[in-house]
Q: 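Pasting in a structure now, in structure tokens, and then I'll have a few things to ask.
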Amino acid sequence: MTDMKRRTLLKGSLGAGLVGVAAGAGLLSPQAVFAKWNKGAFTSKKVDDAVKKLLGSSSMANSGAIKITAPPIAENGAEVGITVQSSLPKVDSISILVEKNGQPLAANFTMASNTNAFIRTRIKIGKTSNVHAVVRSNGKLFTAKREVKVTIGGCGG
Amino acid sequence: MAKNRARATNKGGVTTVKAIISHPMETGLRKDKKSGKKIPAHFIEELTVAAEGKTVLTANWGPAVSKNPLLHFTYKGGKKGDKILISWNDNKGVKDSIETAVK
């Protein structure tokens with residue numbers, strides 16, 4: 001009897017171990033593996049604080065190799081199309097922050113090794129502000145910014 | 001409510017994925033015009049895109065991503081017929097996904 005219980009226990013722990021390994025290797029599809037949402041970074045009120053909480057450092061070099069495409073004047077701040085692309089090598093993370101939004105961090109994208117340093121999305125911009133892009137290349141952070149003028153804000157009613 | 005839409009195309013060895021996800025993306029700051037009460041925040045927090053079961057992109061979003069979010073990105077490789085699965089969950093714990101095949 002005790003021996004049977006021992007068998008069950010062994011089987012149980014072995015099963016759990018295998019699931020752990022499978023999830024780690026990304027084999028558990030279609031069960032998605034998410035990057036854990038970083039509440040601290042998204043509720044930060046300043047660009048530097050958000051970047052530090054999200055990426056572990058706020059030491060960033062300005063880079064001409066990051067291109068932000070955005071309309072110079074957005075009539076509707078609720079839907080501003082933003083494209084960020086970079087020719088920097090080994091880019092594995094791109095973040096978009098709006099300096100004058102109450103919570104600047106809008107979105108962070110993590111790229112696999114075969115994914116290009118190109119992302120397009122639409123964001124809300126409350127009032128005329130610089131939009132910052134932060135790109136991690138070879139483990140280092142690079143940044144660029146671009147001003148978007150907003151005639152109707154996108155955060156309130 | 002709009003429908004989730006996704007399409008993926010392969011050209012010259014590069015796969016382009018475009019999706020529009022149906023979601024209110026409420027900031028929590030907007031007020032209901034009739035009652036004057038704040039509409040609670042409701043937005044997608046985490047999103048992941050897998051091609052043939054392999055993750056190519058993960059995203060963390062805040063409420064500043066627009067309503068019915070647009071996602072557009074590219075990756076090297078892939079071929080026609082590859083399955084693309086885009087999954088997400090929001091701050092209320094609602095999970096959803098959309099699948100498409102590379103054309």
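For the numbers below, each heavy atom of this structure counts, side chains included, while hydrogens, waters and symmetry mates do not. Every chain is numbered from 1, with letters handed out A, B, ... down the list of sequences.
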Q: Are A:Phe118 and A:Ile94 connected into the same hydrophobic cluster when the rule is that any two of I, L, V, M, F, W, Y join if their side-chain heavy atoms are below 4.5 Å apart?
A: no
Q: Rounded to the nearest 0.5 Å, what's the gap from CD1 on A:Ile82 to CG on B:Leu70? Could you check?
A: 11.5 Å
Q: How close do B:Lys54 and A:Asn114 get, heavy atom to heavy atom, and via which atoms?
A: NZ-OD1, 4.0 Å
Q: Measure the spacing between CE of B:Met25 and CD of A:Glu79 and express it to the nearest 0.5 Å.
A: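 Rounded to the nearest 0.5 Å, the CE-CD separation comes to 11.5 Å.
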Q: So, the side chain of A:Trp37 versus the backbone of B:Asp90: is there a donor-acceptor pair under 3.5 Å, distance only?
A: no
Q: Mind checking the CG-CD spacing from A:Asn38 to B:Glu45? Nearest 0.5 Å is all I need.
A: 10.5 Å
Q: Counting only heavy atoms closer than 4.5 Å, note whether B:Asn89 contacts chain A via side chain, backbone, both or neither.
A: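 Both backbone and side chain of B:Asn89 come within 4.5 Å of chain A.
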Q: Taking all atoms of both residues into account, what is the closest heavy-atom pair of B:Asn68 and A:Arg122, and its distance?
A: O-NH2, 4.1 Å
Q: Under 3.5 Å, is there a donor-acceptor pair between the side chain of B:Asn60 and the main chain of A:Phe109?
A: no
Q: Please find the pair of heavy atoms, one from A:Ile119 and one from B:Leu71, that lie closest to each other, and give the distance.
A: CD1-CD1, 4.2 Å
Q: Can you name the nearest heavy-atom pair linking B:Phe73 to A:Thr115, along with the distance?
A: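 So the minimum-distance heavy-atom pair works out to CD1-CG2, 3.9 Å.
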Q: What part of B:Ile39 gets closer than 4.5 Å to chain A, counting heavy atoms only: side chain, backbone, both or neither?
A: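 Neither part; nothing is under 4.5 Å.
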Q: Chain B heavy atoms under 4.5 Å from A:Val80: which part of the residue, side chain, backbone, both or neither?
A: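 Backbone only.
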Q: When rounded to the nearest 0.5 angstrom, what distance separates CE in A:Met111 from OG1 in B:Thr74?
A: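 So the CE of A:Met111 and the OG1 of B:Thr74 are separated by 8.5 Å.
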Q: Taking a hydrophobic cluster as the set of Ile, Leu, Val, Met, Phe, Trp and Tyr residues connected by side-chain heavy atoms closer than 4.5 Å, whether directly or through intermediates, do B:Leu57 and B:Tyr75 fall within one such cluster?
A: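 Yes, one cluster joins them.
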Q: Minimum heavy-atom separation for A:Ala106 to B:Val65, with atom names?
A: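 Minimum heavy-atom contact is O-CG2, 3.5 Å.
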Q: Under a 4.5 Å heavy-atom cutoff, which of A:Ser95, A:Ala112, A:Ser113 has the most pairs with chain B?
A: A:Ala112
Q: Between B:His72 and A:Thr121, is a side chain to side chain contact (heavy atoms under 4.5 Å, CB included) present by the stated rule, with each step listed?
A: CA-CA 6 Å; B:His72 175 184; A:Thr121 187; over 6 Å; no
Q: Hey, could you give me the NZ/NZ distance between A:Lys124 and B:Lys67, rounded to the nearest 0.5 Å?
A: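 If I round to the nearest 0.5 Å, the distance is 9.5 Å.
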Q: Among B:Val14, B:Leu47, B:Ile20, which residue forms the greatest number of heavy-atom pairs with chain A at distances under 4.5 Å?
A: B:Leu47
Q: Between A:Ile68 and A:Ile123, is there a shared hydrophobic cluster once you connect ILVMFWY residues whose side-chain heavy atoms come closer than 4.5 Å?
A: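 Yes; A:Ile123 is reachable from A:Ile68 via cluster members.
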Q: Taking the side chain as every heavy atom from C-beta outward, state whether B:Phe43 and A:Phe42 have any pair of such atoms under 4.5 Å apart.
A: no
